[in-house]
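Single-structure report; data block below.
The structure displayed is predicted, hence computed values, not measured ones. Starting from 1, each residue takes its place in the sequence as its number.
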Amino acid sequence: MSNRDVRERILDAVLHVVGTDGIPGVSNRRIAAQAGVSLGSITYHFASQSDMLRAALSRFVTDETTRLRALAEEYRDKGLSVEDAAAIAEKVTRDLSFSAERIAPFEMYIAAGRDHELHEVAVECFAAYDDLTVTILTALGIPDPESIASTLVAVITGLQLRRLATGVDEQDIGAAILRVLRPL
């Protein structure tokens, strides 16, 4: 197994542990066991648990921004209806099924409020969400899409967090988006 494979397994394990037991559940021994690597591999690849957490969030953000930018390109310069935009928002949120690895970023976004380096990675991720939103709003012909994009992203993120916290999946995110966009 290459060093890159070991590092990726460690990062997968970090996301899994953070998603199941939160950041306090992260220990080198637990990550090594979850990843199926030696304890020494953890300290070889990461100087500290903070470095490991940053790297895990950074990798999630890289994967997520790549996915979102590809999706934005798919809809750039296409005529979209408001209903199309709502369906896209619903699809994006449904694609983020709440597996442990998808819950972990919510934990780390909160930790980003206390850790400057995590903060920078979280900013990058939200910029990709904003970019996708601006692209869709532009395709809809919404004037000044940049002024509403971050608010719309916050609504969607908040609804996802509510879904996660309550376990209730009754909120139709597409319908919520329609309520926000129709007046525009």
Side-chain angles (χ1 to χ4, degrees), residues 1-75 88-133 135 153-154 156-169 171 173:
M1 183 176 342
S2 73
N3 275 340
R4 181 173 168 81
D5 291 339
V6 169
R7 182 179 171 84
E8 292 303 309
R9 288 175 70 169
I10 292 168
L11 295 177
D12 288 342
V14 170
L15 289 174
H16 181 80
V17 169
V18 170
T20 55
D21 295 320
I23 292 173
V26 174
S27 71
N28 287 2
R29 193 171 306 283
R30 179 146 184 221
I31 297 302
Q34 180 72 35
V37 300
S38 71
L39 189 57
S41 295
I42 304 295
T43 55
Y44 174 80
H45 288 281
F46 302 101
S48 68
Q49 285 184 2
S50 292
D51 290 340
M52 197 167 44
L53 288 169
R54 279 191 225 58
L57 182 57
S58 181
R59 201 214 34 211
F60 170 83
V61 167
T62 298
D63 293 348
E64 188 70 353
T65 54
T66 299
R67 181 180 81 86
L68 293 173
R69 289 195 173 115
L71 191 58
E73 285 307 312
E74 185 179 326
Y75 293 103
I88 293 165
E90 187 70 34
K91 178 188 179 333
V92 168
T93 58
R94 293 286 174 205
D95 286 349
L96 292 174
S97 63
F98 287 120
S99 64
E101 292 74 16
R102 291 295 187 165
I103 293 170
F106 283 96
E107 290 266 349
M108 288 194 259
Y109 290 150
I110 292 175
R114 295 179 293 276
D115 182 324
H116 181 69
E117 289 181 45
L118 277 178
H119 173 82
E120 291 172 5
V121 177
V123 165
E124 182 183 333
C125 189
F126 278 100
Y129 288 129
D130 290 349
D131 182 53
L132 174 61
T133 304
T135 299
V153 168
I156 293 167
T157 304
L159 290 171
Q160 286 181 289
L161 189 56
R162 180 185 178 121
R163 188 185 291 172
L164 172 64
T166 64
V168 177
D169 194 9
Q171 180 67 49
I173 291 176

Practice item. Check whether any side-chain heavy atom of Tyr129 lies under 4.5 Å from a side-chain heavy atom of Ile156, and answer yes or no. Key: no

Point to revise | Pairs involving residues 31-57, ordered by first then second residue, that meet salt bridge (charged side-chain N to carboxylate O under 4.0 Å, His left out) (sequence neighbours left out) | key: Asp51-Arg54, Arg54-Asp115, Arg54-Glu117

Atom pairs and distances, donor-acceptor, side-chain atoms in residues 33-40, under 3.5 Å, two or more places apart:
unit_1, atom_1, unit_2, atom_2, d
Ser38, OG, Ser41, N, 3.2
Ser38, OG, Ser41, OG, 2.9

Exercise for review: Give me the ring orientation class for Phe60 and Tyr109: parallel if the planes are under 30° apart, tilted from 30 to 60°, perpendicular past 60°.
Suggested key: perpendicular

Review point. For the atom pair OG1 (Thr20) and CD (Glu107), what is the distance rounded to the nearest 0.5 Å?
Key: 9.5 Å

Revision key, fill the gap. Checking Ile42, Val14, Ile31, Asn28 against Gln49 for side chain to side chain contact (heavy atoms under 4.5 Å, CB included), the one that qualifies is Asn28

Point to revise | Non-hydrogen atoms of His119 and Ala112 that approach each other most closely | key: CB-O, 3.4 Å

**Study point:** Leu161 CG to Ile110 CD1 distance, which is reported to the nearest 0.5 Å
**Key:** 6.5 Å

Review point. Any idea which heavy atoms bring Phe46 and Met52 closest together, and the distance?
Key: CD2-CA, 3.7 Å

Point to revise | Selection residues 29-43 - residue pairs positive for salt bridge (charged side-chain N to carboxylate O under 4.0 Å, His left out), sequence neighbours left out | key: Asp21-Arg30

Exercise for review: State, with a plain yes or no, whether a side-chain heavy atom of Leu11 is found less than 4.5 Å away from one of Glu8.
Suggested key: yes

Check your understanding: What's the spacing between Asp12 CG and Arg59 CZ if we round to 0.5 Å?
Key -> 4.5 Å

